[in-house]
Amino acid sequence: MNASGHISVLYVDADPPASTPVPGHERFDVVEATGAADAVARIEDGDVDCVVTTASDEGWRTVAERVRDSAPEIPVVLIDAALEDAADADSTVDEYVRADAPDPSRTLERRIESVVDRNAGDADERFYQNLVHEASDAILVVDESSTIRFANDTVSEVFGYDAAEVEGEPLTTLIPESFRADHNEGMAAYLESGERTIDWNYVELPGRHSDGREITLAISFEEHHRGGERLFSGIVRDVTERNARERRLREYKRQFDAVFDDPDSFIVLLDPDGIVRKANGTALEFVDADFESVHGVPFWDTPWWDHPSAPREQLREWVDRSAAGESVRYEATHHAPDGETATIDGTIRPVTDEDGRVVSLIAEGRDISERNRIQEELQTSERSLRELYDVTSNPDLSFDEKLHRILGIGCSRLGLSLGFLTRIEDGRQEILAVEGDHEKLREGATSPLSEAYCEATIESDELVGAADAAGGDWLDAATYDRWGLSCYLGSKIEVHGELFGTFCFADDAAREKLFSDSERTFVELLAQWASHELERQRRQEQLERANGQLEQTNERLEQFASVVSHDIRNPLTVAMGHLEVARERSDGDDDQLAEVEQSLERIDALIDDLLTLAQQGDSVGDVETIALDAVARDAWETADTADASVELDGAPTLQADESRLRQLLENLFRNAVEHGPDDVTVRMGALPDDEGFFVEDDGPGIPLEEREAVFEQGHTTAPDGTGFGLAIVEQIVDAHDWTIDVAESEHGGARFEIDGVASPDAAPSH
């Protein structure tokens, strides 16, 4: 090394490359030699401070040995060393640089300076000058005890300590506590055996900042010998933020890849001038293209836009607008090679750098064909449902008129030409109504069910349909030949739980696609309407028949009441008059006449009850708010109660027909008197829930087995009873929508509980 500090480097290689691997350092003067003999000659001719040779040249050992023999003071550095070369080089050369070093050129530069400076007389000064050369990195020198002997100024930027603060301190000051034991063990192992437990060329290790936080350090190590002392230097860089950025970049890349590989989106990455740089698999698969065929091609010249209707000029404009910073949204149709089309909802968005400059464009599109189809189908369904409502809610239309219009709505909704309703009975199908023109589908036409499409329909709990009936497994060729209907959708109809027939739609032409769920649901709705209307018709017919029968019964009852009130009561009145005359003649002491009077009175009571049953029945007149206790007193006075007594205990106020309520109480009072002792006590009061009342007595009561029969007409256990009194009571209760139950009173007598009576704010049905 001359006075200016320049180092003369001799590079030896039997076949030197065009460019020497020795870095062009400002201190280096590089010369070349071809082989060992040439190297020795150059060493003898002039000053050589260092010899560099390459391990790729198989003669490197000869070069090293010849240099050692001729000039042992000149250090030899081996480059491109493999692992096995490095093992041999330790005893043959002074330094080596492995081929897999992260920065071989920079490492070689440091190795040359290190070995030359070690041999120089003023090694101390130059040693520290070289260490601080890379001022952008922190540099530390420690001795065998891991005491920090030197720290450059950059240490403060990395660790937060001034150089003076750490010099003389243990290296563990800068190491997190959890890693200090590992450092001490590794240092001890190296000092003892020379075995390196980490890569000295580049390794990332945790460090400790002065504020206590842990940082990530990238470190390369060197060992130095000075004055018989072993020293170790480390060039240290804080890579915490860099690693964090790299992690963020990796995360961003994963996110980008996840978005870019979206199977539901077409994504193409463009230059600002519209040139394709990247395309995802979804976009490429649609046009059956590989990436090489679109890479570097203007977007508007790619297969996505290679069809007559493609808006290429518009696309150029969209790209220009996006390159100017605008997000552009468009809708376009793309065509695949197999003829498939897709309606794309697309965007072209600019991507900018930190300065706001547009650096790329993202063209993204999503297939909205299915969404548009569903939206269109929903709109069609909405129109059809509105038409259906207008028809079904029209009171001026008959069932037949509604049926034909609804069949027409169904045909329009499905895009078919025929709609029909069938009646299936005894193995035959009859066409009840048809919309559309077909030679064999006529109203009134019949056919065996085995020869009809509807045979499969009635065997299924769901709709039966086919886009191409000829290819369906459920239809034989003879049936298809008979009717010639290529597509079909039918639902069976049940009325009151029994099979009625089918509600169907069909067409001579086949459909491209099967019936959608929305279409099937609409037909189900139509079939349900038909079933409901047919049930309503049947109920109406049954009601009309019942009304006719009721009118006949009412006429007979009117005739009966007329006979009873005139033809029977008139002779009874005559008999009562003759009885009175006979009693006057007999001075009123004839027992036989008393029995006749009793019989005539029983006949009169029986006539009254029969007229009540026949004329009033289960109806009520005007309903009003009534105090039950007042009506009860009037009823007690008009009933034949003899020596009986009544107790009224908090009877409620209720809504009722007063005359019929009095009749109900009279019959209950009379029933207690007729079946009890002469001094029977009758008690009436409110039920605990205040929604009813009771009438009870202390008579013999009603046996449990007879309680259901007491309301039957003609049932009586009293010798002079008519058997109609309690039947009338039940009629009046039913007419008010109340309920009545028979129980036992606390004294063992009969108890009648009338419940569900209306409050003063409500009124029963008439």
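Side-chain atoms are counted along with the backbone in the values below, which use heavy atoms only and exclude waters and symmetry mates.
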Asker: Heavy-atom count check: over 12 atoms from other residues, nucleotides or ligands less than 6.0 Å from Asp153 CG?
Answerer: no
Asker: Only counting residues at least two apart or in another chain, list the ones meeting ring pair (Phe, Tyr, Trp, His ring centres under 6.0 Å) with His335.
Answerer: His307
Asker: Look at the side chain of Ser114 and the backbone N and O of Arg110, then say whether any donor-acceptor pair between them is shorter than 3.5 Å.
Answerer: no
Asker: Tell me every residue that passes ring pair (Phe, Tyr, Trp, His ring centres under 6.0 Å) with Phe28, counting only those two or more places apart in sequence or in another chain.
Answerer: His25
Asker: Taking the side chain as C-beta and beyond, is there a heavy-atom pair between Thr173 and Arg180 under 4.5 Å?
Answerer: no
Asker: Tell me, please, which residues at least two apart from Glu65 pass side-chain contact (heavy atoms from CB on, under 4.5 Å).
Answerer: none
Asker: Short question: side chain of Ser322, backbone of Val319 - any donor-acceptor pair under 3.5 Å?
Answerer: no
Asker: Has the side chain of Thr197 got a donor or acceptor atom that lies under 3.5 Å from a matching backbone atom of Gly186?
Answerer: no
Asker: Answer yes or no: is there a donor N or O on one side and an acceptor on the other, between the side chain of Asp199 and the main chain of Val203, under 3.5 Å?
Answerer: no
Asker: Could you walk me through whether Ile74 and Leu10 pass the side chain to side chain contact (heavy atoms under 4.5 Å, CB included) test, one step at a time?
Answerer: CA-CA 10 Å; Ile74 297 178; Leu10 178 63; over 6 Å; no
Asker: Looking at Asp301 and Arg316, is there a salt bridge between them, counting it only when a charged N and a carboxylate O are closer than 4.0 Å?
Answerer: no
Asker: If only atom types and distance count, is the side chain of His334 paired as donor or acceptor with the main-chain N or O of Trp304 below 3.5 Å?
Answerer: yes
Asker: Can you list everything that forms a side-chain hydrogen bond (donor to acceptor under 3.5 Å, both in side chains) with Arg208? Sequence neighbours excluded, please.
Answerer: Tyr161
Asker: Does Asp517 offer a backbone N or O that forms a donor-acceptor pair with the side chain of Thr521 under 3.5 Å?
Answerer: yes
Asker: Counting only heavy atoms not in Glu73 (residues, nucleotides, ligands), do more than 12 fall under 6.0 Å from its CD?
Answerer: yes
Asker: Tell me whether the count of non-hydrogen atoms from other residues, nucleotides or ligands lying under 6.0 Å of CD in Glu192 goes above 12.
Answerer: no
Asker: Between Trp200 and Tyr190, is the gap from one ring center to the other below 6.0 Å?
Answerer: yes
Asker: With a 4.5 Å heavy-atom cut-off, do Val22 and Ile112 have their side chains touching?
Answerer: yes
Asker: Sequence neighbours excluded, which residues qualify as side-chain contact (heavy atoms from CB on, under 4.5 Å) partners of Asn243?
Answerer: Glu204, Thr216, Val239, Glu246, Arg247
Asker: With a cut-off of 6.0 Å (strictly less than), are more than 12 heavy atoms of other residues, nucleotides or ligands near CD of Glu241?
Answerer: yes
Asker: Output yes when a side-chain donor or acceptor of Ser8 lies under 3.5 Å from a complementary backbone atom of Asp47, and no otherwise.
Answerer: yes
Asker: Which residues pass the ring pair (Phe, Tyr, Trp, His ring centres under 6.0 Å) test with Phe266, not counting sequence neighbours?
Answerer: Phe286
Asker: If the condition is side-chain contact (heavy atoms from CB on, under 4.5 Å), which residues does Ala64 pass it with, not counting sequence neighbours?
Answerer: Val76, Thr92, Val93
Asker: Counting C-beta onward and ignoring hydrogens, is there a side-chain heavy-atom pair between Val115 and Cys50 closer than 4.5 Å?
Answerer: yes
Asker: Using side-chain heavy atoms (C-beta onward) and a distance below 4.5 Å, is Thr343 in contact with Glu331?
Answerer: yes
Asker: Does any pair with a residue in residues 265-277 pass salt bridge (charged side-chain N to carboxylate O under 4.0 Å, His left out), and if so which ones, sequence neighbours excluded?
Answerer: Asp271-Arg277
Asker: Could you check whether Glu251 pairs with Arg254 (Lys NZ or Arg NE/NH1/NH2 to Asp/Glu carboxylate O, under 4.0 Å)?
Answerer: yes
Asker: Would you mind listing every ring pair (Phe, Tyr, Trp, His ring centres under 6.0 Å) that reaches into residues 344-381, with sequence neighbours excluded?
Answerer: none
Asker: Holding to ring pair (Phe, Tyr, Trp, His ring centres under 6.0 Å), I want the full list of residues that pass it with Phe291, two or more places apart in sequence or in another chain.
Answerer: His295
Asker: Look at the side chain of Arg66 and the backbone N and O of Ala37, then say whether any donor-acceptor pair between them is shorter than 3.5 Å.
Answerer: no
Asker: If every non-hydrogen atom of Ala55 is compared with every non-hydrogen atom of Asp80, which pair is closest and at what distance?
Answerer: CB-O, 3.4 Å
Asker: Let me confirm one number: the CG-CD1 distance from Leu205 to Ile219, rounded to the nearest 0.5 Å.
Answerer: 4.5 Å
Asker: If we ignore angles and hydrogens, is there a donor and acceptor under 3.5 Å between the side chains of Thr172 and His183?
Answerer: no
Asker: Run the side chain to side chain contact (heavy atoms under 4.5 Å, CB included) check on Val287 and Thr302 step by step: do they pass?
Answerer: CA-CA 9 Å; Val287 292; Thr302 59; over 6 Å; no
Asker: Give a yes or no answer on whether the side chain of Asp143 reaches the backbone of Arg149 with a donor-acceptor pair at less than 3.5 Å.
Answerer: no
Asker: Does some side-chain heavy atom of Thr282 sit less than 4.5 Å from a side-chain heavy atom of Ser265?
Answerer: no
Asker: Are any of the side-chain nitrogens in Asp94 or Arg68 under 4.0 Å away from the carboxylate oxygens of its partner?
Answerer: yes
Asker: Apply side-chain hydrogen bond (donor to acceptor under 3.5 Å, both in side chains) to Arg196 and list each qualifying residue two or more places apart in sequence or on a separate chain.
Answerer: none
Asker: Hey, mind stepping through Val12 and Trp60 against side chain to side chain contact (heavy atoms under 4.5 Å, CB included) and telling me if it holds?
Answerer: CA-CA 8 Å; Val12 184; Trp60 70 267; over 6 Å; no
Asker: Answer yes when Asp211 and Arg213 have at least one side-chain N-carboxylate O distance shorter than 4.0 Å, and no when they do not.
Answerer: yes
Asker: Atom CD of residue position Glu195 - does it have more than 12 heavy atoms of other residues, nucleotides or ligands inside 6.0 Å?
Answerer: no
Asker: Tell me, yes or no, whether the heavy-atom count around Asp290 atom CG, taken from other residues, nucleotides or ligands under 6.0 Å, exceeds 12.
Answerer: yes
Asker: Could you tell me whether Glu109 and Arg27 have a side-chain N and a carboxylate O separated by less than 4.0 Å?
Answerer: no
Asker: Which pair of heavy atoms, one from Pro303 and one from Ala289, lies closest together, and at what distance?
Answerer: CG-CB, 4.4 Å
Asker: Are Thr147 and Ser145 close enough, and set up right, to give a side-chain hydrogen bond (donor to acceptor under 3.5 Å, both in side chains), and what steps lead you there?
Answerer: CA-CA 5 Å; Thr147 299; Ser145 65; 3.0 Å; yes
Asker: Tell me which pairs pass ring pair (Phe, Tyr, Trp, His ring centres under 6.0 Å) where either residue lies in residues 341-379, with sequence neighbours left out.
Answerer: none
Asker: What's the shortest heavy-atom distance between Ile267 and Ala283, and which atoms?
Answerer: N-CB, 4.1 Å
Asker: Mind running side chain to side chain contact (heavy atoms under 4.5 Å, CB included) on Ile235 and Arg237 for me, showing each step along the way?
Answerer: CA-CA 7 Å; Ile235 299 177; Arg237 178 172 296 177; over 6 Å; no
Asker: Got more than 12 heavy atoms from elsewhere within 6.0 Å of CD, Glu292?
Answerer: yes
Asker: Does any N or O in the side chain of Glu167 come within less than 3.5 Å of the main-chain N or O of Ala151, such that one atom is a donor and the other an acceptor?
Answerer: yes
Asker: Are Thr347 and Arg329 close enough, and set up right, to give a side-chain hydrogen bond (donor to acceptor under 3.5 Å, both in side chains), and what steps lead you there?
Answerer: CA-CA 4 Å; Thr347 58; Arg329 186 165 187 172; over 6 Å; no
Asker: So, Glu519 and Arg511, do they make that salt bridge, N to O below 4.0 Å?
Answerer: yes
Asker: Working to the nearest 0.5 angstrom, can you tell me the gap between Met187 CE and Glu144 CD?
Answerer: 7.0 Å
